[in-house]
Structure formats: C-alpha cells, structure tokens
Q: 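Just dropping this structure here.
Heads up: numbering here begins at 1 and tracks the sequence.
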Amino acid sequence: MLSESSRQIIEETLPDMQERIRRITPAFYDEMLTEREDLLDGMFSRVDQAVGTQPQALAGSITFFASYVLNHPGSSPDEILTRVAHKHASLGVPAEEYVTVYQFLFKAIEKEFGEEYTPEFRDAWTEIYWMMADALIRIERSLYDSQANDQVNAPFTLVKKEQKADKIFDLVFEPADDTPLSDVKAGQYLSVIVKTKDGLRQPRQYVALPCGLNQRRIAVELDRTGEISPILTGLQVGDTVDISNPYGDLTLEKTVTDGFSPLYVFTQGIGVAPALAFAHQLAREHAARDVIFVHADESLRTWAYREELEEATGKLPHGKLISFLQASGEGDFTGNINMKKLEITPRSFAYVCGPVDFKQTVRSGLIANGVPGKNIQFETFGSDPYMHTATRRTMHRRY
C-alpha cells in the first residue's frame with residue numbers, strides 16, 4: 001500500500017507526470033540502450049524503439065499504475081500487470097534488470113523535471129515504481145516456475161513451410177535439442193528470436209497455432225519493408241531459430257466465464273491466428289455454447305486459414321463463421337463489420353484479434369450494443385499502446 005506521505009505527492013504531481021512521461025520514456029530508452037547495447041540482443045525490439053511503441057507502452061503502464069493505486073488503496077491492477085509480466089517472461093527479462101530500468105528512468109525524470117525533482121518527489125515516485133516492479137517480478141517468477149524447463153528460449157528447426165494466403169506463411173518447427181516442451185493453451189504466444197543481417201538477435205511474438213505433438217507452429221505475415229518477417233518467411237526447411245516457452249493470459253479460460261452466453265471472436269487479417277487456436281480447442285471440448293467467429297478481410301484470396309477455421313467451426317454443435325469482405329460478393333457481407341448484422345446481446349462475450357484500429361472500432365460497436373466492457377478481451381502481445389487504453393476503460397467495471 002502506498003504510504004500516506006507519498007500519496008499526497010503522487011496526487012499533486014500525477015497530472016504533470018502524465019503530460020511529461022511521453023517525453024521522458026523515449027529519452028530513457030535512448031540512453032539506456034546506448035549504454036547497455038546488450039539489452040537489444042534477444043530482448044528489446046529496436047523497431048519498437050524506433051517507432052516509439054515500447055516507450056509509449058511503458059509510459060501508459062507507469063501512470064496508469066499510479067492512478068490505480070491512488071483510487072484503489074490496498075489493491076493492484078492485476079489485469080495489466082499480468083499482461084505485462086507475460087510479455088516480459090516471453091523475453092526472459094531478469095529481475096535484476098528492474099534496477100537498471102529504475103536508474104535510467106529516474107535519471108530521465110530528473111532531467112525533465114529539473115528543480116521540481118525534489119527528494120520528496122523522487123521518493124514518492126520511487127515508491128510507485130518499486131510497487132509495480134515488485135509485483136511484476138513476483139508474477140514473472142511464478143510464470144517461469146510453471147514451465148517445463150528453465151530456459152528462456154531453445155533452438156527449433158523448421159520442418160514445414162507453407163504459404164496460406166497473400167504474404168502469410170505457415171511455419172512448423174520441432175526441437176533441435178532435448179529441452180522439454182511446455183504445454184500451450186489456446187491463445188498463447190511464442191517469442192521467436194532470429195539473427196538479423198548485422199548479427200543482432202531480435203525477438204517477435206507470434207500466436208502458437210494448433211500443431212502436432214512435440215511441435216511449434218506459427219503464422220507470419222510478410223512485410224517486405226520489415227526487419228524480421230522477411231527473414232522468417234525466407235527460412236528454408238532445416239534452418240534453426242530460437243523460440244521461447246508459451247506465454248499470454250488471454251486464453252479461453254479467462255475469456256469465457258460461463259457456458260451459456262454467446263461467445264463472439266472477431267478477427268481481421270493475421271488476427272485469425274488466435275481464433276484458429278480457439279476453434280480447435282472448442283471443437284476438442286465439444287463446446288455446447290453458441291460460438292460465432294466473425295472475420296474481416298480484403299477478399300477470399302487474402303483470408304488465411306479460412307478452410308481450417310471452417311472445418312473446426314463445423315465441428316461445434318452451435319458454431320458459426322461469418323465473413324465481412326471488401327471484395328463484393330465474396331463474403332457473407334460486403335464491407336466492414338456491421339454489428340447490426342449480428343445478434344449481439346448484453347450477455348455476449350467477445351474476443352477481438354487484429355490491428356489496433358480494428359480493435360478500437362469493434363469494441364466501440366460492442367459497447368454501443370450493450371456489451372459490458374468486462375466481457376470484451378483483446379489479443380495484445382506486441383507493444384500495443386491501446387492495450388493500456390482499453391484496460392483503463394474497462395478496469396473500473398471489474399474492480
């Protein structure tokens with residue numbers, strides 16, 4: 001619990017910190033990664049640093065945490081902490097690096113605030129930082145302990161490669177050593193680490209797709225201007241990459257809280273990957289509830305995994321697959337997703353997978369149709385600043 005002396009200072013300075021933190025975090029990352037270049041090797045994505053998504057995500061986390069503990073004494077925002085901890089665990093962030101982050105972050109804060117950075121100010125925000133950091137460390141330790149091995153990642157060999165749609169490739173890997181494999185829950189993701197042209201190892205997260213025993217399978221969308229997807233889609237059978245244990249907390253066990261209300265899974269583009277994992281799990285369990293998969297795409301040609309999703313949905317007693325395609329006459333409906341075409345009720349649960357603007361649009365449509373915010377979950381395994389916005393908007397309904 002936040003001390004009373006710190007509480008007063010945080011209340012007074014939080015608005016100013018919220019305004020300045022987006023300038024502070026880029027400066028913090030820039031100096032830290034200049035002095036600690038080793039952190040870029042297999043842990044931090046330099047693309048996220050370049051476009052600003054990682055600094056923005058950290059900024060949202062810190063100020064949200066401070067706001068939450070002010071308004072909810074004695075408790076913590078478990079949802080956002082768990083989400084961040086899973087991401088950290090997938091990258092193997094060690095507990096001792098929280099000290100590194102603290103040192104460089106508060107150096108940047110001091111530079112931004114100048115004379116306002118008093119000892120009292122420093123101590124109050126230090127208390128906030130370590131409240132959040134200690135909570136993350138505890139969750140991450142538990143996540144590490146739950147795995148079948150104690151490795152951050154292990155080598156895997158590509159055994160199958162198949163193009164599923166324009167720019168989307170299906171990659172299947174098998175272990176290249178005897179590291180035990182942890183079980184994967186539908187909706188979880190893997191960090192895949194590859195060596196770039198300049199020799200730096202860089203991680204990216206991909207949803208774990210249904211696969212055979214002792215395998216890992218992912219879907220990769222090729223971005224020809226990107227750094228990692230051209231390398232992954234250019235792999236040949238026999239090539240090896242490093243892959244982490246499975247992480248991610250947005251699984252069906254969390255999303256579906258009862259067996260009667262309709263479950264909607266909204267997807268766009270490569271966001272179909274977690275939906276495919278869900279469909280397979282629900283089919284195995286012979287789920288009796290109404291399950292409606294709603295997919296948006298450009299055309300049948302660009303819709304990856306359509307046939308596999310149709311097959312899994314067909315095995316559900318009350319499963320349905322509805323498509324909204326831009327190409328006229330190719331889908332069930334033409335154009336963007338229209339909630340009026342769906343039987344959405346306030347009892348519905350929804351899982352939304354896809355680009356940030358897609359998630360925002362779908363969530364707004366669901367809310368407008370009476371679906372409570374707590375019934376809407378998001379696939380977010382990259383540095384997605386909207387994750388913090390969405391969590392902030394729904395958290396007050398949950399706690």
Q: For Glu37, does the CD atom have more than 12 heavy-atom neighbours from other residues, nucleotides or ligands under 6.0 Å away?
A: no
Q: Does Asp170 have any side chain to side chain donor-acceptor pair (under 3.5 Å) partners at least two apart in sequence or in another chain, and if so, which?
A: Arg217, Tyr305
Q: Just jot down the side chain to side chain donor-acceptor pair (under 3.5 Å) partners of Gln215, sequence neighbours excluded, or say none.
A: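 Here the qualifying residues are Glu174.
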Q: Using the test side chain to side chain donor-acceptor pair (under 3.5 Å), find all partners of His86 that sit at least two apart in sequence or belong to another chain.
A: none
Q: Dump the intermediate steps for side-chain contact (heavy atoms from CB on, under 4.5 Å) on Ile24 and Met17, then the final yes or no.
A: CA-CA 9 Å; Ile24 293 169; Met17 181 66 80; 4.1 Å; yes
Q: Show every salt bridge (Lys or Arg N to Asp or Glu O under 4.0 Å) that has at least one partner inside residues 316-337, sequence neighbours left out.
A: none
Q: State whether Glu79 and Lys374 are salt-bridged, where the test is any N-O pair (Lys NZ or Arg NE/NH1/NH2 against Asp/Glu carboxylate O) under 4.0 Å.
A: no
Q: Centroid-to-centroid, Phe104 to Phe28, below 6.0 Å?
A: no
Q: So, are Arg46 and Asp198 salt-bridged, with charged N and O less than 4.0 Å apart?
A: yes
Q: How would you list all residue pairs meeting salt bridge (Lys or Arg N to Asp or Glu O under 4.0 Å) that involve residues 124-137, not counting sequence neighbours?
A: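 Listed once each, the pairs would be none.
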Q: Please list all pairs passing the salt bridge (Lys or Arg N to Asp or Glu O under 4.0 Å) test where one or both residues lie in residues 1-20, with sequence neighbours left out.
A: Asp16-Arg20, Glu19-Arg23, Arg20-Glu112, Arg20-Glu116
Q: Flag the pair Tyr189 / Ile218 as yes when at least one side-chain heavy-atom distance between them is below 4.5 Å, and no otherwise.
A: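 Answer no - side chains too far apart.
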Q: Val192 vs Phe156, test: side-chain contact (heavy atoms from CB on, under 4.5 Å). Steps then yes/no.
A: CA-CA 10 Å; Val192 180; Phe156 283 75; over 6 Å; no
